[in-house]
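Read the structure below first, then the notes.
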Number of protein chains: 2
Amino acid sequence: MQTTPAATEHATPADICSAPPRRHPRPDGQDHYTISEVVAFTGLTAHTLRWYERIGLMPHVDRSHTGQRRYRNRDLDWLDFVTKLRLTGMPVADMVRYAELVRAGEDTYAERQALLESTRRDVLNRIAELRDTLAVLDRKISFYATEGTTR
Amino acid sequence: MQTTPAATEHATPADICSAPPRRHPRPDGQDHYTISEVVAFTGLTAHTLRWYERIGLMPHVDRSHTGQRRYRNRDLDWLDFVTKLRLTGMPVADMVRYAELVRAGEDTYAERQALLESTRRDVLNRIAELRDTLAVLDRKISFYATEGTTR
DNA sequence: TATGACCTTGGAGTGCACTCCAAGCAAGCC
DNA sequence: GGCTTGCTTGGAGTGCACTCCAAGGTCATA
């Protein structure tokens, strides 16, 4: 059993770096998903998928001969990444900025790196805040646990 | 040096449980802060403080003889807690629910505990998600770092 | 070929969490 | 008293991230 090397070999400009350890529903070459399939895979709504495209957050989605969207594996990878960024609280405008850098090509590597490093710092800060909050919650919960049972 | 026991001894129904390790600007008894002082302490805006009160997120704020707000140490503690909850992504409506339980008295200890435990689970999940995101960011950042310098 | 589920678009609507405004009262200083 | 700065209110406005709608075209199955 081995991972399919296609993902990195045919890497598109859309998201060239670092193959995520994701299992694709279908292998590269047969990867043509309708919008409702992508809804099922990602948990996003069709509305949101179309909106992401309109605001420039999707690198470009193929179309069938009749104009319907046909998502590829690389689109799923991109959506996974976008979903992770969204969880960090990053504003959509910043994600669009990153998408623009990706579209602009290799010359933007440095700027992309800087953007992700700034995001990384945000994530570390948020984790620290959440740890703090966790401590407060634990203190209050244990208060309620003892007071609630001994009263 | 020892912590002032006043905070727990005179604990008000507002937020009776678990004295936070917070240094108050003034000791209990001389704690009467204007809204702009609270703005300076908490980082919240005056608009937001008034809005919190309007929607029932503040337990009740004292007023001067002319009707101006005079916040107490317990109010600062409460605002600290609310700010922590907000960082977890908890909707304001849920925080209002908790505030209502606090106002309702000791009979709601069990429900409060359940609410905080549910929040606790959310926080743990969010931390796990952020760790995951951190791994993805690190992978991409190291890609850009090597490609950017060797190109 | 008909039925019904799915897909397309631009634009309008929604919900949340603030954020601001106008008009007026209050407090402190010269 | 006059001036400035701060505080009060209800209600309206803002920005974000979706979310939905109407009107119509497409696809799969019977």
Side-chain angles (χ1 to χ4, degrees), chain A residues 25 32-58 60-72 75 78-100 119 122 126 129 133, chain B residues 25 32-58 60-72 75-76 78-100 119 122 126 129:
Chain A
H32 302 283
Y33 312 108
T34 65
I35 198 166
S36 59
E37 284 176 305
V38 176
V39 165
F41 298 150
T42 63
L44 299 166
T45 71
H47 294 302
T48 300
L49 287 171
R50 294 194 195 101
W51 180 67
Y52 278 1
E53 210 174 320
R54 232 190 297 178
I55 64 175
L57 188 48
M58 285 300 296
H60 171 76
V61 179
D62 290 349
R63 297 297 180 117
S64 72
H65 65 105
T66 54
Q68 296 196 351
R69 288 171 182 80
R70 292 295 177 262
Y71 291 85
R72 313 284 305 269
D75 298 319
W78 176 256
L79 284 169
D80 273 358
F81 180 53
V82 161
T83 299
K84 288 224 177 305
L85 288 185
R86 200 186 43 163
L87 287 175
T88 70
M90 178 186 271
V92 167
D94 292 1
M95 296 195 253
V96 171
R97 173 75 188 137
Y98 183 80
E100 282 166 356
T119 303
D122 292 346
R126 171 142 294 134
E129 287 171 347
T133 303
Chain B
H32 302 283
Y33 312 108
T34 66
I35 198 166
S36 59
E37 285 177 305
V38 177
V39 165
F41 298 149
T42 62
L44 299 166
T45 71
H47 294 303
T48 302
L49 288 170
R50 295 194 194 100
W51 179 65
Y52 277 1
E53 210 174 320
R54 230 189 297 179
I55 64 175
L57 188 49
M58 285 300 298
H60 171 78
V61 179
D62 289 349
R63 298 298 180 117
S64 72
H65 66 105
T66 55
Q68 296 195 351
R69 288 173 183 79
R70 291 297 177 258
Y71 292 84
R72 315 284 307 266
D75 298 319
L76 296 185
W78 175 255
L79 284 170
D80 274 359
F81 179 55
V82 161
T83 299
K84 288 222 177 305
L85 288 185
R86 201 187 40 163
L87 286 175
T88 70
M90 178 187 271
V92 167
D94 291 1
M95 296 194 249
V96 170
R97 173 73 187 139
Y98 183 80
E100 282 167 358
T119 302
D122 292 345
R126 172 144 293 133
E129 287 171 345

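Just so we're on the same page: letters track the sequence lines, and every chain starts at 1.
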Legend entry - B/A93 or B/H65, whichever maps to the more 5' nucleotide of DNA chain C: B/A93

Inset, instruction - Report yes if the side chains of A/R69 and A/R63 come closer than 4.5 Å at any heavy-atom pair, otherwise no. - result: yes

Legend entry - Sub-4.5 Å side-chain heavy-atom contact between A/Y52 and A/L79: yes

Inset, instruction - Whole angstrom is fine here: how far is it from CG in A/L57 over to C1' in D/dA17? - result: 11 Å

Legend entry - Reported OG1-to-NE2 distance for the pair A/T45 and A/H47, which is rounded to 0.5 angstrom: 6.0 Å

Legend entry - With A/Y33 via side chain to side chain donor-acceptor pair (under 3.5 Å) - residues at least two apart: A/N73

Legend entry - Any B/T45 side-chain nitrogen or oxygen under 4.0 Å from OP1 or OP2 of C/dC18: no

Inset, instruction - Please list residues of residues 47-56 of chain A whose heavy atoms come under 4.0 Å from any atom in DNA chain D, ordered by number; otherwise none. - result: A/H47, A/T48, A/W51, A/Y52

Legend entry - Nearest-nucleotide pick for A/R69, side chain only, options being C/dA17, C/dT8, D/dT26: C/dT8

Inset, instruction - Mind calculating the distance between CG (B/D62) and P (D/dC7) to the nearest angstrom? - result: 16 Å

Inset, instruction - Answer with base, sugar-phosphate or nothing: what part of the nucleic acid does B/R63 contact at a heavy-atom distance below 4.0 Å? - result: sugar-phosphate

Inset, instruction - Return the value, rounded to whole Å, for the distance between atom CG of A/D94 and atom C1' of D/dC16. - result: 13 Å

Legend entry - Distance in angstrom units between A/Y71 OH and C/dC6 C1', rounded: 14 Å

Legend entry - Gap between atoms CE and P, on A/M95 and D/dC16 respectively (whole Å): 13 Å

Inset, instruction - To the nearest 0.5 Å, tell me how far A/L57 CG sits from A/D94 CG. - result: 11.0 Å

Inset, instruction - Write down the distance between CD (A/E37) and C1' (C/dC6), rounded to a whole number of angstrom. - result: 12 Å

Legend entry - Nucleotide of C/dA26, C/dT8, D/dT19 approaching A/Q68 most closely (side-chain heavy atoms): C/dT8

Inset, instruction - Calculate the interatomic distance between A/M90 atom CE and D/dC16 atom C1'; express it in whole Å. - result: 16 Å

Inset, instruction - Would you please confirm or rule out a distance under 4.0 Å between OP1 or OP2 of D/dC18 and any side-chain N or O of A/R86? - result: yes

Inset, instruction - Sequence neighbours left out, what passes side chain to side chain contact (heavy atoms under 4.5 Å, CB included) with A/T119? Give chain and number order. - result: A/L85, A/T88, A/M90, A/L115, A/V123, B/L137

Inset, instruction - Calculate, to the nearest 0.5 Å, the distance between atoms CD1 and CZ belonging to A/I35 and A/R70 respectively. - result: 10.0 Å

Inset, instruction - Just call it for A/T34: base, sugar-phosphate, or nothing, with non-hydrogen atoms closer than 4.0 Å on any strand. - result: sugar-phosphate

Legend entry - B/S36, nearest nucleotide to its side chain (from D/dG6, D/dT8, D/dC27): D/dG6

